[in-house]
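Heads up: the structure comes next, in structure tokens.
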Amino acid sequence: MTDILKVENVTLTFGGVKAITDISFNVREGEICAVIGPNGAGKSSMLNVINGVYLPQIGTVTYDGVERRTINPRDAAIAGMARTFQNIALFQGMTVLENIMTGRNLFMKSSWLEQGLNIGRARKEEKENRLAVEKVIKFLQIESIRKTPVSKLPYGLQKRVELGRALVAEPKILLLDEPMAGMNLEEKADMSCFILEINKEQGITTVMIEHDMGVVMDISDHVVVLDYGKKIGDGTPSEVMSNQDVIDAYLGVSH
Amino acid sequence: MATIPGLVLSNKQKSPDAVALRYKQLGIWNTYTWNDYYNEVSVLVDAYNKSLSVSKGTVVAVYGNNVPKLIFSIAAVQTLGGIVALIHPESTEGELKTILNNSNAEILIAEDQQQVDTFLKVESECNVKKIVYLDGRGMATYDNSKLNSYDNLVSEAKNESIDSMISGLSDNEVAFYLFDEHEDKIYKVSHEAIIKNSTKISELNKLSQNDSIVSYLPLSIPTNLLFTYITSLVCGMSFNLPESNQTIEKDLQEIGPSILYAPSFVYKHIITSISYRIESATQSNYDRYMNHYKKLMNIYEKEVSGNKSLIDSIQKVWVMLTTFAPAKNVFGLTNIKHAFVSDGVLSKVNFDFFHAIGVEIQHSFGQAISCGCISVQPDHSVSSENVGAPLSGTEIKVNENSEVLFKTDCLGENLSGEANVDNGWVNSGYVGSMDNSGNVIIDGRTEDIVTLKSGKKFSPESIENLVSCSPFIKSTVIIGENQDSNSAIVIIDPNSVNSWADRKNIRYTGYAELAAKEEVRDLIKDHIKCVNETLDDHLKVKRFVILHRTLIMTAGEVSKTMEVMRKNITTNLNDVFSAFEKNESKFTVNDIDQLTYDLKVNEI
Amino acid sequence: MIYRETGNFVTNYFKDREIFPLKFDKIIVIIGLLFLYLYVPTTSEYTLSAHVVPILAVGLATVGLNILTGLTGQLSLGTAGFMCVGAFSTYNLMLRIPEDFMSLPVALLFSGIFAGLVGVIFGLPAIRIKGFYLLVSTLAAQYFVWWFFNSYAWFLNYETSGVVAIPPKMYDYWGLGNLLGIDMQGYPARYVLALTVCLALTYFAKNLLRSNTGRNFMSVRDRDIAASVMGISVPRTKLLAFFVSCFYCGVAGGLYSFCYIGNVDLMIYEIDRSFTILFMLIIGGLGSISGSWLGAIFVYEFPIVFTWVGDTIFQGAFNTAVVENVSNMVYGVFIIALLIREPGGFAALWATTKQKLRMWPYPH
Amino acid sequence: MDWVYLIEVLVGGLMSGVMYSLVAIGFVLIYKSSGIFNFAQGTMLLFASLTFVKMTENGIDFWTSLFIAAGIMVIFGIATERYVIRPLANQDLLALFMATVGLATFQEGFSQFVWDSDVHGLQMSKFLDIGLLDPAPIFMSDHIPWLDILIPKFDIFASLVAGSLIVVLAFFFQKTKTGLSLRAVSDDHMAAMAVGIPLQTVWAVVWAVTGVIALVAGLLWAERVSVSFTLIEAVMKALPVILIGGLTSIPGAIVGGLVIGVGEKLGEIYLADVFGGQGIELWFAYFMALIFLIFRPQGMFGEKLIERV
Amino acid sequence: MSKSLLKVNNIEVVYNHVILALRGVTLDVEEGKVVSLLGANGSGKTTTLKACSNLLHAERGAITKGSIEYNDNDISKTDAYNLVKDGVVQVLEGRHCFSHLTVEENIMTGSFIRENPKEAKQDLERVYDHFERIRIRKKSLAGFTSGGEQQMIAMGRALMSRPKLILLDEPSMGLAPQLVEEIFAIVKNLNKEGVSFLIAEQNAMVALKYADDGYIIENGRVILKGKASELLERPDVKEMYLGVGAEGKTSFRDIKYYHRRKPSFS
């Protein structure tokens with residue numbers, strides 16, 4: 001398998017404080033790669049570097065064969081990256097349907113004038129993309145909340161809607177920032193099931209930050225461990241679990 | 001030409017562009033006209049014939065919820081002369097195995113991964129040769145040569161006219177194998193029988209093509225098959241399928257069907273929901289609701305006795321507009337013309353309430369052997385006790401043991417061949433009576449009859465029905481065998497009792513603690529006292545216990561239509577029964593979840 | 001208890017996007033349109049000139065501001081400035097382009113575009129500046145525009161008083177008046193023009209709102225980083241919002257000068273008007289098109305009703321200063337009270353009332 | 001080039017900048033403590049000075065009027081916290097801003113309704129005859145002999161007032177327990193409440209202090225531009241000041257004020273001709289702020305926002 | 001049975017006048033006990049804690065029904081300031097340190113209600129004794145400390161008011177497994193000194209391990225209560241909250257998408 005994403009020697013600082021120090025790792029096409037580590041280890045910053053929300057001071061990210069120093073989030077989206085956020089970043093003033101529809105904005109080619117007049121292409125696009133959105137709604141089994149404003153949804157469902165919004169963009173690579181944080185076991189089970197299906201049946205490469213070791217061990221193919229901005233482990237789940245550095249810095253007593 | 005495929009064909013010829021089927025999927029109601037319906041079936045016929053070699057007499061098990069693909073499959077299999085065995089989508093492995101083996105099914109049409117997985121667990125013990133799955137989600141990695149995707153089969157098939165095949169069918173061929181959950185038996189039913197039965201119902205109620213019906217229960221429930229699927233074919237009316245289990249209420253509201261069919265628990269659910277909502281309303285709204293409720297019932301009583309005044313009529317319009325029309329709107333009942341209830345009767349309070357708000361409840365009675373129905377109440381019936389008069393071509397009588405016997409021209413046949421037919425009279429397995437006007441009154445199952453120590457016999461179901469009429473009670477089990485008096489196990493409804501408790505500011509955590517609350521006990525006690533007043537002395541409920549949990553379907557404690565399954569409850573909750581026998585006032589239950597609970601017996 | 005959704009189902013996605021999905025609503029809308037087009041023009045000149053036409057003009061500006069502030073979340077205090085651009089461009093287009101090529105509706109369209117372009121220029125900083133910091137840009141627009149038209153007398157055709165009356169011939173677009181035998185300068189004709197423009201633009205706004213553009217606007221408002229991660233170009237979206245919003249304000253300015261007061265007057269486009277329109281927006285409810293109209297009606301009508309009450313009940317006890325001060329106090333109290341109780345303004349009040357009525361007496 | 005003239009202009013600009021700063025300090029104080037962009041700052045000035053003027057016009061002496069006006073402003077501040085801010089706690093910032101717009105409107109109507117809408121002159125010189133300053137018309141221009149630059153004594157007085165305000169505030173913030181709690185509150189409301197800091201009391205204090213600052217600023221402003229509605233518009237200039245300064249910084253408010261003051265004066269002298277029109281001061285300050293912000297979107301001393309996602 | 005320190009009686013909480021967050025939550029914290037409140041995000045744990053410490057109104061929430069008693073006094077109307085004075089203090093979810101204040105200043109803010117500055121100084125030492133990790137960082141800005149340190153700062157800050165009851169919200173969130181154990185060990189130590197705890201946690205395993213009593217909350221309702229040790233043994237709790245079924249732990253890989261579909265109207 002080829003590497004779809006290569007992070008090389010990335011260093012990121014905020015006002016002099018290093019968030020990430022010289023980190024490199026590769027993500028192979030079609031795998032589920034989990035990034036673990038304590039809070040403040042630089043996991044989210046890493047994701048933000050990958051899709052261009054933050055610009056690293058040093059280092060490059062190679063995605064889909066193109067090496068880039070900098071990329072902006074929009075270009076990353078156009079190149080096929082979609083992501084979710086640690087603290088749900090849904091558009092709170094909109095319904096579930098509208099939120100997921102925004103994930104299709106790159107597929108909408110009609111101009112605002114056509115949309116305002118509600119003619120021709122605009123109407124057709126709205127219909128076609130709605131179909132794509134509905135398929136995702138069905139996939140995530142959220143039919144019953146389609147027209148509910150997201151602000152009224154419980155946390156677990158909001159997470160699911162956010163996954164839907166990323167998925168509907170038909171990405172090549174999906175970046176998930178703590179998709180299961182704050183969920184109960186049943187919700188975690190749902191979410192892992194969706195992630196596995198997305199990965200195995202739709203073939204979307206997935207990079208996922210997650211705390212729950214149980215989930216990480218069960219569903220990921222590859223684990224990267226960060227600690228205070230440094231990489232301390234990289235390998236298959238079982239390799240990482242037996243890595244002494246990882247046990248010392250993160251896991252404590254081995255489980 | 002009265003076969004199921006024949007009805008599809010004739011509907012297509014009569015009104016090709018009328019709506020046959022609506023299925024909510026991906027957010028919209030996908031519509032199939034009779035023409036579309038016919039085309040889908042004809043493609044399937046080719047597919048099933050070629051790839052599965054379905055032919056005359058092949059038994060095809062259909063295992064799933066109502067989705068169009070499944071509906072089309074039924075007609076297609078029958079066009080080829082096959083027999084459809086219907087299986088409930090939530091059937092457990094054991095049940096599935098029994099049905100497949102007893103019906104000798106060769107082909108299984110499964111809805112999706114859930115059904116396929118259940119089947120694969122019992123695969124080695126069955127003779128099923130091929131499986132068709134309708135939705136392939138989650139099964140990309142499955143490697144089993146028996147598995148066929150519906151979509152693949154269809155893509156290779158041709159759309160050819162099946163008119164001649166359909167007209168070649170004989171209407172006395174077997175159409176369905178129906179499973180009776182209570183009797184654990186399979187019955188075979190011919191095209192002619194079930195269609196004739198349905199025709200009787202639709203003629204009696206003047207159902208027409210302009211009606212519509214929403215079907216949200218699986219067709220494996222025989223009464224549901226008759227009232228929704230067959231009747232929609234017979235009348236050519238639209239048959240509407242909801243999007244998912246979570247959206248049924250909304251979907252029902254959107255369609256606003258003119259005909260509703262449901263087992264009694266659905267109606268009970270509606271009553272409970274209304275009560276649950278109103279319990280959490282503001283005090284003034286709550287009071288007004290109660291006030292309006294009384295007014296409405298008063299007017300209804302007058303209406304029944306025929307002395308409704310003009311003022312009453314005006315008042316009723318007002319009460320309906322302000323209080324009950326919204327409820328009807330929320331539950332999608334606004335356009336209902338006929339609301340059929342199968343499996344037993346609604347209690348008088350609930351029956352009257354529905355009639356008062358203009359939802360014409362019609363009780364019916366029937367089982368798999370009688371193609372789902374032998375009697376149905378006429379429109380505007382006012383008695384909540386009976387299940388109506390026999391349908392035309394049907395006779396009903398009650399023998400000296402109060403057993404209800406019937407004779408009908410639409411009879412099914414037990415697959416295993418055991419005869420329970422005596423001289424044309426079939427024993428329904430129920431006890432009951434006939435009233436003066438020839439209506440049938442059903443008391444309960446023969447096997448459930450309770451004999452008190454005093455030797456008096458009665459059917460517990462009628463008392464259970466009365467006790468359960470409170471919106472706070474989900475179900476009741478009456479115990480009395482070999483005892484001095486009746487006792488009841490009461491299962492409270494978590495939703496409505498929760499909101500009631502919140503209104504009363506009662507401190508509790510969780511269902512078990514709520515059920516053990518004195519206030520709840522008093523609430524139930526008062527209700528049972530009221531019920532007792534209407535009962536004969538020996539029938540009065542003297543003791544009751546409020547169960548610490550609800551009944552569990554997967555443990556077989558309730559049927560798929562939420563009826564109490566006495567046998568399994570007796571085994572699962574043996575401690576409760578023995579406590580009543582031993583006359584203990586406090587006892588401990590070792591429940592199936594391996595935990596123990598302390599319960600209290602309450603005297604009335 | 002009024003609304004009945006039972007039996008209202010959609011069979012395709014077009015139907016699911018309808019503005020008025022319920023049959024009941026559709027009937028109301030048709031009756032409303034008939035009322036607006038057939039009955040209202042026949043009411044008195046006073047009703048039209050004192051109530052209806054000005055509300056149409058300021059309401060349209062409120063809708064414009066709503067697109068920028070309510071939908072896209074970009075705070076603006078320059079509304080009057082953009083209206084001013086609209087009014088002056090309309091006048092100058094009518095004045096300087098031979099009448100064979102130009103007539104009022106066309107001039108309104110072009111002045112909307114001018115105002116929109118001015119809006120884009122002042123919106124450019126929004127690409128870098130966020131939140132309250134952006135106030136500076138819109139205030140700059142407000143003051144600069146006002147100063148600009150005040151300083152260059154050419155725009156007022158060298159009228160030194162700062163006010164120029166609109167010549168009657170400017171109303172006679174395409175000689176339509178002669179053709180139909182209607183006094184095009186009269187208020188009924190002006191009203192019909194204003195109404196048509198407002199309805200068309202409201203429809204346009206509503207369409208935007210439920211399309212991709214509207215969703216982009218809202219996503220930038222709600223979470224701009226998430227929006228950019230979804231591939232939405234945040235700068236482009238903000239500028240588009242400025243353009244569309246200022247287009248509306250520009251057209252509203254044209255309507256205000258031409259259809260309502262009948263002259264072009266710099267003094268009425270001072271910053272106070274920006275605030276008045278902001279009040280309309282807040283009271284009506286941010287993000288709701290219909291709310292903007294409700295807000296406009298309330299804020300515009302309150303002083304009039306208050307004066308009327310003073311005149312009829314208290315024998316004219318309230319002078320203009322009192323009316324103005326009391327109005328200001330009432331607006332203030334309304335804004336604060338609404339924000340506390342119902343931040344969605346009149347629109348949200350209306351929506352919850354509708355919802356309550358629908359379910360009443362059930363709480364949910 | 002006339003250097004003396006230039007310096008005079010600069011000094012004049014600095015002095016008018018001080019005036020802006022006085023208003024800006026109130027803004028910053030409220031923004032810092034509660035995140036509220038207080039649009040009502042201008043009307044607070046109007047209300048305070050109008051109250052004061054009406055009392056002196058009715059023959060109440062200077063110090064009593066000042067004292068009563070300050071008392072009224074304190075009450076007003078506390079009432080604002082109680083009836084406007086408290087019920088709106090934790091709303092989003094836009095809603096809070098709009099609430100202050102409502103407050104401003106209300107205050108504008110209220111102050112003119114209670115008092116009147118006339119233009120009042122305010123001549124503090126009439127009242128102030130403290131020995132520190134010359135008894136004669138103290139706020140009139142005078143020469144400082146050694147530089148031959150004209151500085152109005154009034155401006156010096158205003159600067160002194162502003163300076164002492166800042167010293168007091170700085171001490172208050174850094175050295176007192178209330179100051180620490182105020183800083184805590186500005187960092188995180190919820191946490192401050194959780195550890196037992198009475199948020200509402202802190203806010204009420206801030207609004208009351210702001211009210212008094214508004215009175216001081218209002219009187220000084222009124223001396224320059226008279227007491228009337230125009231005061232509000234004049235105060236709008238404080239907006240670019242705080243935005244340049246960076247919303248959360250009191251030093252920022254001072255520096256911002258000076259920058260705008262000087263810039264405006266220079267602009268008027270050197271750029272008015274370029275634009276071929278008079279009165280560019282109407283918009284020049286906003287443009288300055290705009291250009292400044294494009295290069296530094298968070299203002300001079302504003303905290304750089306790292307958006308956590 | 002020891003005295004009940006905090007009694008929550010059937011409270012209902014509504015946000016923004018419409019959103020029902022809690023519907024009938026009832027729980028007891030006995031004096032000297034550690035009580036855990038378990039549940040997923042959005043189930044109402046945080047809301048319950050905020051209701052107890054009266055921080056709800058700051059988020060436009062209000063208790064619409066029921067009451068909360070602390071030491072037998074109704075405290076549902078007492079403001080947060082007086083509650084802290086009375087000895088009830090909350091440590092918020094996500095720590096909420098004052099990031100522009102130094103570590104020591106952060107901790108000192110917790111002594112706002114204290115009259116005697118000298119005592120406050122002694123208490124500061126006591127806090128450092130419990131949290132050795134933050135003593136060495138006392139001069140640095142709290143914003144630059146790690147998640148675990150911030151949790152300690154937040155807890156230390158709360159200790160400064162000499163509380164009798166600490167409401168601890170999600171102490172384990174986002175912390176490395178070994179740090180979580182460390183934090184809970186400190187909780188246990190403090191408990192020995194007589195501080196009672198009400199801890200909202202998702203991590204059921206840790207929370208029940210260190211607690212005396214446990215409550216499980218779902219959809220704004222307490223559905224289960226019991227001794228922590230008993231809860232740990234219950235099969236349903238094991239399955240739903242600890243992920244251990246009757247056949248041992250099931251892998252997330254084997255879960256099917258349909259496992260959550262339930263039949264209608266049941």
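Being a predicted model, the structure only gives us computed values, none of them experimental. Here is the naming used below: chain letters follow the sequence lines, and residue numbers restart at 1 for every chain.
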Given heavy-atom pairs under 4.5 angstrom as the criterion, report whether the side chain, backbone, both or neither of A:E197 touches chain B.
side chain
Give the minimum heavy-atom separation between A:F139 and B:R137, together with the two atoms involved.
O-NH2, 2.6 Å
Is any residue of residues 144-153 of chain A within less than 4.5 Å of chain B by heavy atoms, and which ones?
A:S144, A:R146
What are the two closest heavy atoms between A:K138 and B:D135, and how far apart are they?
NZ-OD2, 4.4 Å
Mark yes or no for whether A:E201, through its side chain, and B:G138, through its backbone, hold a donor-acceptor pair below 3.5 Å.
yes
Enter the distance from B:I28:CD1 to A:R130:CZ here, rounded to the nearest 0.5 Å.
7.5 Å
Give, for atom CG of B:L26 and atom NZ of A:K135, the distance between the pair rounded to the nearest 0.5 Å.
7.0 Å
